[in-house]
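Here's the structure, in structure tokens; my notes come after.
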There are 2 protein chains.
Amino acid sequence: MQRKTEQRAVLKKVLKEADRPLSVQEIFEGAQSELPKIGLATVYRNIKALVEHEWLTVVDLPGESSRYEVAGKEHHHHFHCKTCDRVFEIEGCVGGSIADLTPKGFSLEFHEIILYGRCDECAESA
Amino acid sequence: MQRKTEQRAVLKKVLKEADRPLSVQEIFEGAQSELPKIGLATVYRNIKALVEHEWLTVVDLPGESSRYEVAGKEHHHHFHCKTCDRVFEIEGCVGGSIADLTPKGFSLEFHEIILYGRCDECAESA
DNA sequence: GTCGTTGCAAAGCGTTTGCAGCCTA
DNA sequence: TAGGCTGCAAACGCTTTGCAACGAC
């Protein structure tokens, strides 16, 4: 990544201002509101470049297409609200006890935990 | 699901004989070895029907296309071997301590845990 | 004979790539 | 001015769907 373009600046801004992982569509729509002519291919290309440069981290959840969050955060997991479909970061980890689940002979390298339910806003309006 | 067909019988056999969740490709290839003329669309259609009839359960892992395992098993999680790309079932659960991670105001409904690393076979040959 | 099921090919859908023109440095 | 970047459209890979023929009951 070398040149500074308006498109890339807008994409980074959208991602930085979100406090949660965003989908390609969310990023695209956020960018479009500031730069209506931006193309979807540009969004995909820049996401890929930003991931390669470790400015972005990929957040993959089961059965969902990838979401992206600004890199550099500590080890954490995610909460997926099944009502509004947004994903939130959660603090803390039960990594220690998880190691006990590893089957005999298997070697554990890392793990993923995803919580599902309702976020505070959706729980309240229910 | 009403009529009994050779295709469906073969698909169920392949799934029943596997002791782990299988991808569509794995199911397709397993079925082809017994029924070379089977079509991929038939595999997709039957998987869909078997899931709807709750004979099959969908196993979705982050960034992967769906896998399928015979339904009716107890609550369990999965181990994904990054070397051979196979997925295994693991026993046990740390559900209790996981509830503690739920953010304030959020309501937890269920959770997913995925372990990554090397399975016994791959760990041994490394 | 009815109509659920199958194989094939075409259609969908999200993501990637080719290309000519644009714009940053 | 060089060549990275962009928008558009075509290409891709996986999954679904339309359709005529097939076969279970």
Side-chain angles (χ1 to χ4, degrees), chain A residues 1-16 18 21-69 80 85-87, chain B residues 1-16 18 21-69 80 85-87:
Chain A
M1 178 171 343
Q2 310 188 355
R3 296 185 185 170
K4 198 189 217 172
T5 67
E6 193 180 2
Q7 287 86 342
R8 180 138 56 223
V10 167
L11 292 172
K12 289 169 93 166
K13 177 163 174 278
V14 169
L15 284 155
K16 231 183 292 187
L22 299 182
S23 66
V24 172
Q25 268 309 308
E26 288 175 317
I27 298 169
F28 180 49
E29 286 162 14
Q32 269 190 319
S33 70
E34 293 200 36
L35 217 59
K37 294 188 50 181
I38 195 171
L40 189 50
T42 300
V43 176
Y44 277 107
R45 274 188 287 236
N46 275 292
I47 289 174
K48 192 177 178 188
L50 289 168
V51 169
E52 278 165 5
H53 287 72
E54 298 183 308
W55 191 93
L56 270 187
T57 300
V58 184
V59 176
D60 276 327
L61 299 190
E64 305 269 316
S65 44
S66 297
R67 288 178 170 79
Y68 303 89
E69 66 183 6
H80 188 170
D85 203 42
R86 290 183 299 174
V87 172
Chain B
M1 180 171 342
Q2 311 187 356
R3 296 183 186 172
K4 197 187 213 174
T5 67
E6 193 180 2
Q7 288 85 343
R8 182 138 55 223
V10 168
L11 292 171
K12 289 170 93 166
K13 177 163 175 277
V14 169
L15 284 154
K16 231 183 293 187
L22 299 181
S23 66
V24 172
Q25 268 308 308
E26 288 175 317
I27 298 168
F28 181 49
E29 286 162 15
Q32 269 189 319
S33 70
E34 293 199 36
L35 217 58
K37 294 189 51 183
I38 196 171
L40 189 49
T42 299
V43 176
Y44 277 106
R45 276 188 286 235
N46 275 292
I47 289 175
K48 192 177 178 188
L50 289 168
V51 169
E52 277 165 6
H53 286 72
E54 299 183 307
W55 192 92
L56 269 187
T57 300
V58 183
V59 176
D60 276 327
L61 299 189
E64 305 268 316
S65 43
S66 297
R67 288 178 170 79
Y68 303 88
E69 65 184 7
H80 187 170
D85 203 42
R86 290 183 300 175
V87 172

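Atom set for the values below is all heavy atoms of this structure, side chains included, hydrogens, waters and symmetry mates excluded. So you know, we letter chains A, B, ... as the sequences are listed, proteins then strands, and number each from 1.
- Checking C:dC8, C:dC23, C:dG4 against every side-chain atom of B:Ala41, the shortest atom distance belongs to C:dC8.
- Here A:Gln32 contributes atom CD and A:Ile38 contributes atom CD1; the two are 8.0 Å apart, rounded to the nearest 0.5 Å.
- A sub-4.0 Å separation between OP1 or OP2 of C:dG7 and a side-chain N or O of B:Thr42 is present.
- With rounding to whole Å, B:Lys37 atom NZ is found 10 Å from C:dT6 atom C1'.
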Going through the distances and angles, do A:Leu15 and A:Ile47 end up as a side-chain contact (heavy atoms from CB on, under 4.5 Å)? CA-CA 10 Å; A:Leu15 284 155; A:Ile47 289 174; 5.5 Å; no
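- Checking C:dT17, C:dT24, C:dT15 against the side-chain heavy atoms of A:Arg3 singles out C:dT24 as nearest.
- The phosphate of C:dT17 (OP1 or OP2) has a side-chain N or O of A:Lys48 nearer than 4.0 angstrom.
- The nearest whole Å value for the distance from the CZ atom in B:Arg8 to the P atom in D:dC25 is 10 Å.
- Taking side-chain N and O atoms only, B:Thr5 has no distance below 4.0 Å to OP1 or OP2 of D:dG23.
- Following rounding to the nearest Å, A:Asn46 (CG) and C:dT17 (C1') show an atom-to-atom distance of 15 Å.
- D:dT6 atom P lies 13 Å from atom CG of A:Leu40, rounded to whole Å.
- Regarding A:Gln2, its CD atom lies at a distance of 15 Å from the P atom of C:dT24, rounded to whole Å.
- No side-chain heavy atom of B:Tyr68 sits under 4.5 Å from any side-chain heavy atom of B:Leu50.
- Regarding contacts with the backbone of D:dT6, every side-chain N or O of A:Arg45 stays at 4.0 angstrom or more from both OP1 and OP2.
- Applying the 6.0 Å contact sphere to CD of B:Glu6 captures no more than 12 heavy atoms from other residues, nucleotides or ligands.
- Residue B:Glu64 contributes atom CD, which lies 20 Å from atom P of C:dG14 at whole-angstrom precision.
- Between A:Gln7 atom CD and C:dC23 atom P the separation is 9 Å, expressed in whole Å.
- Taking atom NZ on A:Lys4 and atom C1' on D:dT6, their separation rounds to 18 Å, with Å as the unit.
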Run B:His80 and B:Asp85 through side-chain contact (heavy atoms from CB on, under 4.5 Å) and show every step you take.
CA-CA 7 Å; B:His80 187 170; B:Asp85 203 42; 2.9 Å; yes
